[in-house]
Amino acid sequence: MSDPVVVLDDLRDESAELDRLVGELSEEGWAAPTPAPGWTIAHQIAHLAWTDRAALLAATDADAFAAETEKALAAPDRFVDEGAEEGAKLPPAELLARWRTGRERLQEALRAAPPGARFPWYGPPMSASAMATARLMETWAHGQDVADALGAVRVPTARLRHVAWIGHRARDYAFLVRGAPAPAEPFRVELEAPDGGSWTYGPEDAAQRVTGPALDFCLLVTQRLHRDDTALVAEGEDAERWLGIAQAFAGPAGGGRAPHGASGSTGPAGGGRAPHGTPAAEGPA
């Protein structure tokens, strides 16, 4: 079981890194388009603020969160976009302040959670550690959209291990959400960590294997990079199929990103907006 304090510290650092990208933007900068069609940088931050608020309700007021869930069920195809659109209309300074305040309040609530506590969510209930892991995954993924919009290159950190873990754990979901049976065999995943070490999952003798840079794997499972643009190597037909459909987030099958240079690509990674804050599998909690 992961120490929630460690995950929360990493979430705080990940949020601070994104904050440094947007904290001094002009109004024109906030209106810059990102690789997600129809979403500006303001939409990206508004979405994070909106989801932080939902997570805070889940952690502090289950009844209020249940009411929000009913709204989501009433408009499953619109509620995420509508939340981002509403926030993006705010003056940038107000939106930035709202995001900062909301994420800090969420930090406080999750740090104060009693051991073993589980909170309602749009999928299965989550522990404090799993909630923080999900928030980190989403902050990192939407932060990549912001970085792409600004032409900024982010240095990968050890915080990616949380994203990689969820991506690995969500293997079966990627098949099931597409109506295909999950592979019966376990996979071996061997990733090159940013510090030169390795992160490994699954049995060493597994016939189905995925190897390569952790950064590429994390970009792939959050659908920020097309399979063809990664340095990942798959051994086995099922492993190759997985890399073509992998997604770390719950919900409908994501459309993924277009390959670099493909017609219709809207940026360095092109494509859709997922994840929306719900991991397809809990983190190491």
Between Trp165 and Tyr201, is a side chain to side chain contact (heavy atoms under 4.5 Å, CB included) present by the stated rule, with each step listed? CA-CA 8 Å; Trp165 175 268; Tyr201 313 101; 3.3 Å; yes
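- Leu232 and Val163 end up in the same hydrophobic cluster when Ile, Leu, Val, Met, Phe, Trp and Tyr side chains are linked at under 4.5 Å.
- Among all heavy-atom pairs drawn from Val177 and Ala253, the shortest one is CG2-N, 3.8 Å.
- Shortest non-hydrogen contact noted between Ala170 and Ala248 is CB-CA, 4.1 Å.
- Between Ala58 and Pro120, the shortest heavy-atom distance links the atoms CB-O, 3.2 Å.
- Interatomic distance, Glu235 CD to Thr211 OG1, rounded to the nearest 0.5 Å: 6.0 Å.
- A search for salt bridge (charged side-chain N to carboxylate O under 4.0 Å, His left out) contacts involving Arg154 returns Glu14, not counting sequence neighbours.
- Side chains of Asp145 and Trp39 form no contact here, defined as non-hydrogen atoms less than 4.5 Å apart.
- For the pair Leu176 and Pro181, the tightest heavy-atom approach, listed with the atom from each and the gap, is CD2-CA, 4.5 Å.
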Going by atom type alone, with no hydrogens or angles, which donor-acceptor pairs under 3.5 Å involve a side-chain atom of residues 189-198 and a protein atom two or more places apart or on another chain?
residue, atom, partner, partner atom, Å
Glu190, OE2, Arg188, NE, 3.1
Glu190, OE2, Arg209, NH2, 2.7
Asp195, OD1, Gly197, N, 2.9

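- The shortest distance between side-chain heavy atoms of Asp10 and Thr157 does not fall below 4.5 Å.
- Taking the six-membered ring where the residue is Trp, Trp50 and Tyr122 present parallel rings, their angle staying beneath 30° rather than reaching 60°.
- With hydrophobic clusters built from ILVMFWY side chains whose heavy atoms lie under 4.5 angstrom apart, Leu150 does not share a cluster with Leu219.
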Stepwise ring-ring contact (aromatic ring centres under 6.0 Å, His included) check, His162 with Trp140: CA-CA 10 Å; His162 304 295; Trp140 180 80; over 10 Å; no
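- Follow the hydrophobic side-chain contacts under 4.5 Å out from Trp99 and you never reach Leu56; the two are in separate clusters.
- Here the straight-line distance linking atom SG of Cys218 with atom NE2 of His168 works out to 13.0 Å at 0.5 Å rounding.
- Separating the NE2 atom in His47 from the OG1 atom in Thr139 is a distance of 9.0 Å, to the nearest 0.5 Å.
- Residues Pro183 and Arg171 have side chains in contact (heavy-atom distance under 4.5 Å, counting atoms from C-beta outward).
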Identify all side-chain donor-acceptor contacts of residues 104-112 below 3.5 Å with residues at least two apart in sequence or on another chain.
residue, atom, partner, partner atom, Å
Glu104, OE1, Arg12, NH2, 3.4
Glu104, OE2, Arg12, NH2, 2.7
Gln107, OE1, Arg111, NE, 2.9
Gln107, OE1, Arg111, NH2, 3.0
Gln107, NE2, Leu8, O, 2.8
Arg111, NH1, Asp9, OD1, 3.4
Arg111, NH2, Asp9, OD1, 2.7

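- One distance of note links CG of Asp148 with OG1 of Thr34; it measures 8.5 Å at 0.5 Å rounding.
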Listed pairs under 3.5 Å, donor-acceptor, residues 61-68 side chains, sequence neighbours left out:
residue, atom, partner, partner atom, Å
Asp61, OD1, Asp63, N, 3.4
Asp61, OD1, Ala64, N, 3.0
Glu68, OE2, Lys71, NZ, 3.2

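- Panel note: side chain Gln208, backbone Glu240; no donor-acceptor pair is recorded below 3.5 Å.
- What you find for Thr222 and Ala141 is that their closest heavy atoms are CB-CB, 4.0 Å.
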Could you give me the CA-CA distance, side-chain angles and deciding distance for Leu215 and Leu225, then say whether side chain to side chain contact (heavy atoms under 4.5 Å, CB included) is met? CA-CA 10 Å; Leu215 175 60; Leu225 192 65; over 6 Å; no
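- The backbone N or O of Thr40 lies less than 3.5 Å from a partner atom in the side chain of His43, making a donor-acceptor pair.
- Each of Leu48, Thr133, Leu11, Asp52 was compared with Glu138 under the side chain to side chain contact (heavy atoms under 4.5 Å, CB included) criterion, and only Leu48 meets it.
- Other residues, nucleotides and ligands place no more than 12 heavy atoms under 6.0 Å from the CD atom of Glu86.
- Within the 4.5 Å cutoff, no side-chain heavy atoms of Val221 are placed close to those of Ile166.
- Qualifying salt bridge (charged side-chain N to carboxylate O under 4.0 Å, His left out) partners for Asp19, counting only residues two or more places apart in sequence or in other chains: Arg100, Arg103.
- Hydrophobic clustering (side-chain heavy atoms under 4.5 Å, transitive across Ile, Leu, Val, Met, Phe, Trp, Tyr) keeps Phe79 apart from Ile45.
- Criterion: ILVMFWY side-chain heavy atoms under 4.5 Å apart, direct or through other members. Under it, Met137 and Trp121 are part of a common hydrophobic cluster.
- The line from CG of Leu136 to CZ of Arg159 is 7.0 Å long, rounded to the nearest 0.5 Å.
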Show every donor-acceptor pair shorter than 3.5 Å between a side-chain atom in residues 21-32 and any protein atom, with sequence neighbours excluded, or say none if there are none.
residue, atom, partner, partner atom, Å
Ser26, OG, Glu28, N, 3.4
Ser26, OG, Glu28, OE1, 3.3
Ser26, OG, Gly29, N, 3.1

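- Proximity of a side-chain donor or acceptor of Asp216 to a complementary backbone N or O of Ala231 within less than 3.5 Å is detected.
- Taking every heavy atom of both residues into account, Glu94 and Leu90 meet most closely at OE2-CD2, 3.7 Å.
- Remark: the backbone N or O of His260 is paired with a side-chain donor or acceptor of Asp229 at under 3.5 angstrom.
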Decide side chain to side chain contact (heavy atoms under 4.5 Å, CB included) for Asp238 and Phe187; before the verdict, give the C-alpha distance in whole Å, the side-chain angles of both, and the deciding distance to 0.1 Å. CA-CA 9 Å; Asp238 285 342; Phe187 287 10; 3.7 Å; yes
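- Within a 6.0 Å sphere centred on CZ of Arg53, heavy atoms belonging to other residues, nucleotides or ligands number 12 at most.
- Residues Arg227 and Ile245 have side chains not in contact (no heavy-atom distance under 4.5 Å, counting atoms from C-beta outward).
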